[in-house]
Each structure stands twice: as C-alpha cells, then as structure tokens.
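Each chain gets a letter, A, B and so on, in the order the sequences are listed, and its residues count up from 1. Values below: every heavy atom of this structure, side chains too, minus hydrogens, waters and symmetry copies.
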Amino acid sequence: MADQTLFEKYGGFSAVSRVVLDFYDRLLDSDEIGPFFDDTEMSKLVDHQTKFIASLLGGPSSYSDDHLKQLHTHLDIKNEHLDEMKAVLAKTLLDHGFAEDDTETVMGELEARRGIIVG
Amino acid sequence: MSIAAINEQLLRAIGVGVALLDADDFSFRFQNDTFVDWFAPQPEQDTLPKLLPEFDAKELREQLLAKKRFTAELNFRKKRRTMIFAADFTLTTEAEGAFIVLVCQNISRIREMESMIDSYSMMVERNTREIKREKEQVEKLLLNMMPRSVYEEFKTFGVVTPKLYDPVSVLMLDFVGFTEMAASADPSVTVSELNDIYSAFDRIGEQFGCERIKTIGDAYITVAGLPDPTPDHSRAVANTALRFIRYLDRRNQGHPNQWRCRIGIASGSVVGSVVGIQKYVYDIFGPAVNLASRLQECSEAMEITINGPVKDALNEQFLIESGGTRKIRGFDDQDIYKIRDSRKGVL
C-alpha cells in the first residue's frame, strides 16, 4: 500500500481547506508578499493556493514545474519573498497542528521549487 | 436609556452592516459600526455612488420604485482584499421623508470556499479521469494475459484458484525454420511480421471461441473449452487450425518471407492458473498440452496432426486422413490423423 500523503494524514480537503484559507489571509496581510496579489482576483488566488498547497502536501494536484514557472514568470519574485512565504506557510501549518517534521517536509517541497518560482 | 437609544445601540453592535440612505440622493444618514468597519467610508464618500463607484445606482432606483426592494452582490476592494457582500435594499417612507435601509452580510468567506471547492473538484475530477485511464490500461494488459473470468476472479480475490478443465482441445502451432529466419533476416522485420501473424491468429481464434493462452517465441498455443465449457471444442480448434493455414497460404502469396507452420491438436484435461508472483502469467498445464506439442512435431509443414479422440469428435465434418501409428514420447502409441483442407485451391 502506498504511503499516506500529508494531505491525507491531516484530514484531506476538509482540514486542508482551513489551512489554505488561513494561508491566503496571511499572504494578503503580509506587507512583503501581499503586494504581489494587489491585482489578483480573489477566485484566482484561492484556486492557485488550493492547488499549490495540495500539491506541496501530496494531495490530488500536480502542478507541473512548467505550470508553476508560467504562473510566476511575470512576477519579480526575489529570494527574500520566497523566504517570507516559507515563513508564513510554516507558521500557518504549525498553527493548524502540523507536526514540526511534517512542516519541514513541506518546506523542503517548497524549497525544491525555489528555482522555478524565483525569477 | 430610551428605547430608541437601545435600538440604535443594538443596530450598531450586530454582525451585519446596516446603513440608512436618503432615497433622493443616496446620501448616508446612518451607518452602524460593522458597516463602517467593512467599508471605512471617507468623509468625501458621503453617498453610496461615491463609496461604490461601480455600483449601478440607476438600477437600484428603478427596482426600488417598482418593487420597494432590491438585492444585489456588492464587491468592495479593501486594500488588496476583495470583499463580497450580499446587500438588501428596502425603501421605506417615514414622516421625515423616503429612506433606503441597506443591510449587508459579508459573504466573502462563502465565495472563497466556493472557489476552493471548484478548484478542488477540478483536481479530483482530473485525477479520477487519470486513474480510470490507468485502470483501463491495466485491465487491457491483464485481459491480454488471461481470460476475462480469470481476470474477474483475480480482481475480486487477488488470487486465482487453479482449475481443472476437462475436456478441452489444445492447439499448438510452431513455425518451420523460424530459427534460421530469425538469425538471417532483419530481427525487427521478423518480430513485426510475427506480431502481424499472431494478431491475425488471435482474431481467427476469437471467431471460433478459442482463448489464446500464450506465445513462446514462434510457438502459439490456443485452447477451446475454457474458461467456459464448450461442447464442440474439438471442432472450434480444428476450424481455427484450418483458418490459420489458409491465412498463411494467402499471406505467403504476397510476401517475400514465407511463413510455414506445423500444428498439433489434442483433447483432454488441463489445469489453468495464474503462475508467478511478480510476473503474473496465466498458463495451462496437463496432458492435452503436452500431447498437442508432440502431435505438432509429427506434422510436416502446413499440416495439422490430431489424435484419435479428436478425430472421433470431429464427426466426419472434416477431410481427415490416417497418418498411421506413432510412438509419442510420454504417451502410449497413438493412431494419428491429418486434417486436410477440403477447400484447398479455392481460396
């Protein structure tokens, strides 16, 4: 039997949806990253975050590297923005009861995509 | 505290945004704390059109004149956040004049959840499609390796119980000179031609209710009478064998590579099962398989050799000649027979 994904471990969509919405709120409130979403429609941002978080947690999503690149290429994302995003996501996950090592795993997944997201 | 003051305090405190508008110019006469908190109107935004420039005030006026009520969804951008409100406008006439009561409920979270569910549903649907496609591929592959009823058993229980099938008729086919051909010709051409021929054999066998069991290099084994018992299994296999030879005859007329085969047919019992743990293969074992193999060795090129029980079962529907008595390794001496094609030359 295949290993359980973090998405499944933390309760599937019903539980992860709360993480996504909270993360979305925190991103919008962040002065470092929030401005990237100044002109983004709410539905598109929610859609992106749902797929992205699901993908990081091994959920039913497969954001390909090309797709991720395409979504971020027009933004002038620097390393410090991704660092801030990692910090916000890590805090969100921990606040929602994610274990530290699982949070680290997610951070590793995010870190692995640094070259794709950072322009 | 007067009742009016208590009412006002209640209005200020509730979790819905409430505003009172002058019906003539849509200027604000009252806004409760929740409304102010959500919309944070500046002093110069003293009318609804100034606060929400994209809002259709004309439609509001028309609807209120016609029905006294109007409901709408208001989008309000606060910093980088889009807030969505369900707004309910009611026209009321008091001694002081006509007013509009505006009641707003914040439905941003509901809309965010809807967007998320939409997005998630699409992911799940795409995954489901992919899983279905993969499942079909696996099924196709397994059905290529075993009969459907065996596959169903395998799918349900994860194992296949070995089963005795008795009687069945087994056809064993082998090509003459294949080794030389494989060694001398371009291997990819040989394999491609072999693949064409086996595909044609599969189609022919299927017509007569035969189940192809396997191919081993240039040997092809098919059987009638399993997994479901077939009373005329011998006839099915004899017909299949004749069509195999007719097909090769016709094919040889238009191809540089000449494919000639030897066929043996035997009836009897076999055991069918899936063997192997890592590499599942459905296979049959038993005297009928071994005898078909030996009888095949008794055939000349493009000949079909059968034994007595098969001949008896064929009921004189086929042109059969005696082949004498042969010593068959592992079996008693056998009277063997050849099935000839009565349509020879009329292809």
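Considering only heavy atoms from C-beta on, B:V159 stays 4.5 Å or farther from B:F154 through its side chain. B:L20 places none of its side-chain heavy atoms less than 4.5 Å from the side chain of B:I100. Looking at heavy atoms from C-beta onward, A:E41 lies out of side-chain contact with B:T82 at the 4.5 angstrom threshold. When side chains are defined from C-beta on, B:L74 counts as touching B:C104, because their heavy atoms get closer than 4.5 Å. In this structure the side chain of B:F85 never reaches within 4.5 angstrom of the side chain of B:Q105, judged on heavy atoms.
In summary, of the residues considered (B:R81, B:R80, B:K79), a salt bridge (Lys or Arg N to Asp or Glu O under 4.0 Å) with A:D38 occurs for B:R80 alone.
A:H72 and A:H48 have their aromatic ring centers within a separation under 6.0 angstrom. Between B:F55 and B:F89, the gap from one ring centroid to the other is short of 6.0 Å.
B:L102 and B:A87 make their closest contact through CD1-CB, 3.8 Å (heavy atoms, listed as atom of the first residue, atom of the second, distance). Taking both residues in full, the closest heavy atoms of B:L52 and B:N75 are given as CD2-O, 4.4 Å, listed atom of the first, atom of the second, then distance. A pairwise comparison of heavy atoms in A:I77 and A:V118 identifies O-CG1, 3.3 Å as the closest pair.
For B:R111, the parts lying under 4.5 angstrom from a heavy atom of chain A are both the backbone and the side chain.
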Subject >> salt bridge (charged side-chain N to carboxylate O under 4.0 Å, His left out) between B:R148 and B:E152, intermediate numbers included >> reply: CA-CA 6 Å; B:R148 178 169 280 280; B:E152 296 294 344; 3.3 Å; yes

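Side chains of B:T92 and B:E94: a donor-acceptor N/O pair is present below 3.5 angstrom, by distance only. Side-chain atoms of B:E153 and B:T161 form a donor-acceptor pair, as typed in the model, at a separation below 3.5 Å.
Under a cut-off of 6.0 angstrom, the local environment of NZ in B:K78 is crowded, with over 12 non-hydrogen atoms contributed by other residues, nucleotides or ligands. Other residues, nucleotides and ligands contribute at most 12 non-hydrogen atoms within 6.0 Å of the CD atom of B:E54.
At a heavy-atom cut-off of under 4.5 Å, chain A is reached by B:E112, B:M113, B:S115, B:M116, B:I117, B:S119, B:Y120 from residues 112-121 of chain B, listed in order of number. Annotation: residues 31-42 of chain B contacts chain A through no residue [non-hydrogen atoms, separation under 4.5 Å]. Inspection of non-hydrogen atoms places A:F13, A:S17, A:V20, A:L21, A:D22, A:Y24, A:D25, A:L28, A:D29, A:S30, A:D31, A:G34, A:P35 of residues 8-36 of chain A under 4.5 Å from chain B. When the heavy atoms of residues 83-111 of chain A are compared with those of chain B, none of the residues falls under 4.5 Å.
Side-chain N or O atoms of B:R61 include one that pairs as donor or acceptor with a backbone N or O of B:A23 at under 3.5 Å.
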